[in-house]
Amino acid sequence: MPTESGSWAAARQTKQKRKSHSLSIKRTNSSEQDRLGLQRDMLEGQDSKLPSSVRNTLLDLFGQIEREFENLYLENLELRREMDTLSDRLAVEGHAIDGAELSKGQMKTKASHSTSQLSQKLKTTYKASTSKIVSSFKTTTSRAICQLVKDYVGHRDGLWDVSVTRTQPVVLGTASADHTALLWSIETGKCLIKYVGHAGSVNSIKFHPTEQIALTASGDQTAHIWRYMVQLPTPQPTADTSISGEEEVDFSDKDENDGDGDASSDCPTVRVPLTALKSHQGVVIAADWLVGGKQAVTASWDRTANLYDVETSELVHSLTGHDQELTHCCTHPTQRLVVTSSRDTTFRLWDFRDPSIHSVNVFQGHTDTVTSAVFTVGDNVVSGSDDRTVKVWDLKNMRSPIATIRTDSAVNRISVSVGQRIIALPHDNRQVRLFDMSGVRLARLPRSNRQGHRRMVCCCAWSEDHPTCNLFTCGFDRQAIGWNINIPALLQEK
């Protein structure tokens, strides 16, 4: 009987090993249900504060992870066997591969190349298998913590700013490029008041700390102070906005708000302001109230910020020094401090606590336009920039930031929650991310085919006084969105 060549023997051995490997996988799959059932019974006997549905979801996810790693382990063993077979065949034959003689060095190179290919295949399989599980886990967790509550649709152009009243009743305000500002019922999404006094884009809206008065800044080179009176409608049951899919759908080529989309057409209209602040020679991009509400500050593309007396509308101070257009201004909640941001890559801190003199400090921590800088209740300033970073500063020592957050997209008008000190970052790439003050990422708001913004997100605003929605966002898709952020779960997740 003729003897088998080395290559035929190796091939038969490989075939037998593959058959054995297949049988081992079948045995593994047949026992998976028993093992998972045993794990589930063991965990059910332990004390847990998690709801049963959450525990079951976690068990399923961890079961998937275990199965994936088990399959990877078996595949790794099989790949190692194939590597050994290839090495043995090269050693036995030692000749005539592709009609050429292989020297010892060439054989080593060939084996090394094969090993590299198998290693790369293993890495690719591992990444593809595990990334889907991790993505599914993160998506499920994020949706449980951050839930969309209400859409506010009615503007005819993009929204630049969103704000929440600090007095009762608590209502939402939006500023739009359609030359209007709208006030909304947070519960029902119904438009309550429409302000049409501006002749240009309305770039910001802020509410008086104690009265039903709003301050809006506009591209018509003015800021208006106007009064509103609202009566909240009775809330109606809302439809379930939960979603089941995991994949994000890109709506960038679709038109938003098909149809007329004008929910503000039948709401009361305010046409004339109480007073207009008219000292700027360019677009007024932002405005805010100083503590107490007796003075207001405005920021303009004419490179200046102006401080006004609200009662007389007189200009008190003109704040000069920025080399390029201003992008934002913000006031401290309890002290007479103002921070202004600019395209010159800096932000400036103005101190009006001493009535006889005001001081200024310049901070150069960014490499591109500073889109906003805001105060926290404590002694911190948080600045965001088109350079894709956010920096946290200590007012007592602002030579360098105490934390830096690096992102993948330009950052627009940020907001910091008063109670929990959580930073909300709206991005050009339609994402909204949440971080703590030390720069640790906490969550990302869901964005899919039924939730989230479909264009650039321009602004975020936290609300400490509303039981249902505690974060609001607005964007250039012509809508504002109210979110419920489960902050205790968010911080526990960290």
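Just so we're clear, the structure is a prediction, and the values are computed from it rather than from any experiment. Numbering starts at 1 and runs along the sequence shown. When reading the values below, keep in mind they use all heavy atoms of this one structure, side chains included, and skip hydrogens, waters and symmetry mates.
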Visitor: Roughly how far, to the nearest 0.5 Å, is SG of C330 from CG of L349?
Guide: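 Those atoms lie 11.0 Å apart.
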Visitor: Heavy-atom distance under 4.5 Å between the side chains of R303 and T320, does that happen here?
Guide: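 No - every pair of side-chain heavy atoms lies 4.5 Å or more apart.
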Visitor: Quick one: do I186 and V171 satisfy side-chain contact (heavy atoms from CB on, under 4.5 Å)? Show the steps, please.
Guide: CA-CA 6 Å; I186 294 176; V171 298; 5.5 Å; no
Visitor: Give a yes or no on whether R343 atom CZ has more than 12 heavy-atom contacts from other residues, nucleotides or ligands under 6.0 Å away.
Guide: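 Not more than 12 within 6.0 Å, no.
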Visitor: Identify whether the distance between the nearest side-chain nitrogen and carboxylate oxygen of K206 and D288 falls below 4.0 Å.
Guide: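 Result for this pair is no, no salt bridge flagged.
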Visitor: Can a side-chain donor-acceptor contact be found between T298 and H280 if the only test is distance below 3.5 angstrom?
Guide: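 Note: H280 and T298 side chains meet the donor-acceptor criterion.
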Visitor: Flag the pair T304 / L326 as yes when at least one side-chain heavy-atom distance between them is below 4.5 Å, and no otherwise.
Guide: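 T304 vs L326: side chains apart.
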Visitor: Distance from T275 atom OG1 to I225 atom CD1, nearest 0.5 Å?
Guide: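 CD1 of I225 is found 5.5 Å from OG1 of T275.
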Visitor: Using modelled atom types only, decide if a donor and an acceptor are shared between the side chain of N203 and the backbone of A286 within a distance under 3.5 Å.
Guide: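 Looks like no, no N/O pair under 3.5 Å.
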Visitor: Rounded at 0.5 Å granularity, tell me how far CZ in R388 sits from CG in N429.
Guide: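 Going from CZ on R388 over to CG on N429, the span is 8.5 Å.
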Visitor: Pick one: which of T216, L215, T174 meets side chain to side chain contact (heavy atoms under 4.5 Å, CB included) with I205?
Guide: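 Looking at T216, L215, T174, the match for I205 under the side chain to side chain contact (heavy atoms under 4.5 Å, CB included) is T216.
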Visitor: Kindly determine whether Q64 and L61 satisfy side-chain contact (heavy atoms from CB on, under 4.5 Å), including the steps that lead there.
Guide: CA-CA 5 Å; Q64 292 179 43; L61 290 172; 4.2 Å; yes
Visitor: Any chance CH2 of W301 has more than 12 other-residue heavy atoms, nucleotides or ligands included, within less than 6.0 Å?
Guide: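 No.
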Visitor: Any idea which heavy atoms bring Y152 and S185 closest together, and the distance?
Guide: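 Between these two residues, the closest heavy atoms are CE2-O, 3.4 Å.
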Visitor: Could you walk me through whether Y195 and H198 pass the ring-ring contact (aromatic ring centres under 6.0 Å, His included) check?
Guide: CA-CA 8 Å; Y195 182 70; H198 284 292; 5.7 Å; yes
Visitor: For W160 together with F476, are the ring centres under 6.0 Å from each other?
Guide: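 Yes, the ring of F476 comes within the 6.0 Å limit of the ring of W160, centre to centre.
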Visitor: Check this for me, if you would: do E187 and K150 make a salt bridge, where the nitrogen-to-carboxylate-oxygen distance has to be below 4.0 angstrom?
Guide: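 Salt bridge between E187 and K150, a charged N being under 4.0 Å from a carboxylate O: no.
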Visitor: Out of curiosity, D428 CG to D408 CG, how far, rounded to the nearest 0.5 Å?
Guide: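 The CG atom of D408 is 10.5 Å from CG of D428, to the nearest 0.5 Å.
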Visitor: Does the pair R353/D351 count as a salt bridge with the N-to-O cut at 4.0 Å?
Guide: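 Salt bridge between R353 and D351, a charged N being under 4.0 Å from a carboxylate O: yes.
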Visitor: Under the 3.5 angstrom rule, does the side chain of H466 hit a backbone N or O of T468 as a donor-acceptor pair?
Guide: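 Such a contact is found between H466 side chain and T468 backbone.
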Visitor: Which atoms form the tightest heavy-atom contact between L425 and C460, and what is the distance?
Guide: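 In this case the closest contact between L425 and C460 is C-SG, 4.4 Å.
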Visitor: So do L277 and N306 actually touch side chain to side chain, heavy atoms under 4.5 Å?
Guide: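 Contact flag for N306/L277 side chains = no.
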Visitor: Below 4.5 Å, heavy atoms only, C-beta onward: do V411 and S385 meet side chain to side chain?
Guide: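 A side-chain contact under 4.5 Å is absent here.
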Visitor: Would you check, one step at a time, whether the test side-chain hydrogen bond (donor to acceptor under 3.5 Å, both in side chains) holds for T312 with D309?
Guide: CA-CA 6 Å; T312 64; D309 182 277; 3.0 Å; yes
Visitor: Assess the residue pair L274 and H224 against the criterion (side-chain contact (heavy atoms from CB on, under 4.5 Å)); give the C-alpha distance rounded to whole Å, side-chain angles, the decisive distance to 0.1 Å, and a yes or no.
Guide: CA-CA 8 Å; L274 294 175; H224 287 184; over 6 Å; no
Visitor: D344 and side-chain hydrogen bond (donor to acceptor under 3.5 Å, both in side chains): which single residue from H366, Q364, Q324, H322 fits?
Guide: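 When side-chain hydrogen bond (donor to acceptor under 3.5 Å, both in side chains) is applied between D344 and each of H366, Q364, Q324, H322, only H322 qualifies.
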Visitor: Report yes if the distance between the aromatic ring centroids of H317 and Y308 is under 6.0 Å, otherwise no.
Guide: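 No; Y308 has its ring centre 6.0 Å or more from that of H317.
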Visitor: With a 4.5 Å limit on heavy-atom distance, are the side chains of Y228 and T165 in contact?
Guide: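 Counting from C-beta outward, Y228 and T165 do come under 4.5 Å.
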Visitor: Would you compute the distance between atom CZ of R454 and atom CZ of R478 and round it to the nearest 0.5 angstrom?
Guide: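 Separation between the atoms: 10.0 Å.
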Visitor: Taking all atoms of both residues into account, what is the closest heavy-atom pair of N412 and C458, and its distance?
Guide: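 Smallest heavy-atom distance, with atoms named: CB-O, 3.3 Å.
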Visitor: Go through it in stages, so that I can follow the logic: the residues are W393 and F347, the test is ring-ring contact (aromatic ring centres under 6.0 Å, His included), and I'd like the CA-CA distance, side-chain angles, deciding distance and then a yes or no.
Guide: CA-CA 12 Å; W393 309 78; F347 66 94; 5.5 Å; yes
Visitor: Does S176 use its side chain to pair, donor to acceptor, with the backbone of D157 at less than 3.5 Å?
Guide: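 Yes, the answer is positive, given that a donor and an acceptor are paired below the 3.5 Å cut-off.
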Visitor: Assess the side chains of H453 and T473: does a donor N or O sit below 3.5 Å from an acceptor N or O?
Guide: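 Their side chains do contain a donor-acceptor pair, which is all the 3.5 Å distance test asks for.
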Visitor: Under 4.5 Å between any side-chain heavy atoms of V381 and V392, yes or no?
Guide: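 Side-chain contact under 4.5 Å: no.
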Visitor: Would you call V316 and Q295 a side-chain contact if the rule is heavy atoms closer than 4.5 Å?
Guide: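 They are in side-chain contact.
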Visitor: How about R447 and R430: do any of their side-chain heavy atoms sit closer than 4.5 Å?
Guide: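 Contact flag for R447/R430 side chains = yes.
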Visitor: Tell me the closest heavy-atom pair linking I487 and I422, and the distance in Å.
Guide: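 That would be CG2-CD1, 3.9 Å.
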Visitor: Please name the pair of heavy atoms, one in T167 and one in P209, separated by the smallest distance, quoted to 0.1 Å.
Guide: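 That closest heavy-atom pairing would be CG2-O, 3.4 Å.
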Visitor: Going from OG1 on T407 to CD on Q431, what distance comes out if it is rounded to the nearest 0.5 angstrom?
Guide: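 Going from OG1 on T407 over to CD on Q431, the span is 10.5 Å.
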Visitor: For G378 and R421, which heavy atoms make the closest approach, and how far apart are they?
Guide: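 Result for this residue pair: N-NH1, 4.0 Å.
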Visitor: As a quick check of understanding, evaluate side-chain contact (heavy atoms from CB on, under 4.5 Å) for F435 and V440, giving each step before the final call.
Guide: CA-CA 5 Å; F435 289 80; V440 176; 5.9 Å; no
